[in-house]
Amino acid sequence: MNVDIDMMKNLISKRRDEIEQSVAGTGYLAKTVIGVGTFFIDNEGNFDLLTAKQKVIFEKFLLPLLDAPCR
């Protein structure tokens, strides 16, 4: 999976409110989603290093926000 690391850094550092809104009412915590994104960045975008649960969080919350225009 090819994800722009700079876009992910921007999402994690400057668009946290969007992450919080996306997880609201889902039972997931924003800090968990942010943690998955941070782990992804720290490992130079290697999607294969994510666990199965982390991949679900990544695909459910982070990918849609990366595809959405910045507010």
Under 3.5 Å donor-acceptor pairs involving side-chain atoms of residues 30-49, not counting sequence neighbours:
residue, atom, partner, partner atom, Å
Thr38, OG1, Ile34, O, 2.9
Asn43, ND2, Phe39, O, 2.9
Asn46, OD1, Asp48, N, 3.1

Using atom types as modelled, flag every donor-acceptor pair under 3.5 Å from a side chain in residues 55-65 to any protein atom, sequence neighbours excluded.
none

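Within the structure, ring-ring contact (aromatic ring centres under 6.0 Å, His included) contacts touching residues 2-25 (residues at least two apart or in different chains) do not occur.
Thr26 pairs by the side-chain hydrogen bond (donor to acceptor under 3.5 Å, both in side chains) definition with nothing, not counting sequence neighbours.
In the hydrophobic clustering of ILVMFWY residues, with side-chain heavy atoms under 4.5 Å counting as a link, Met7 and Leu11 come out together.
Within the model, atoms CZ of Arg15 and CD of Gln21 stand 11.0 Å from one another, a figure rounded to the nearest 0.5 Å.
Residues Arg16 and Ile12 share a closest heavy-atom pair of NE-O, 2.8 Å.
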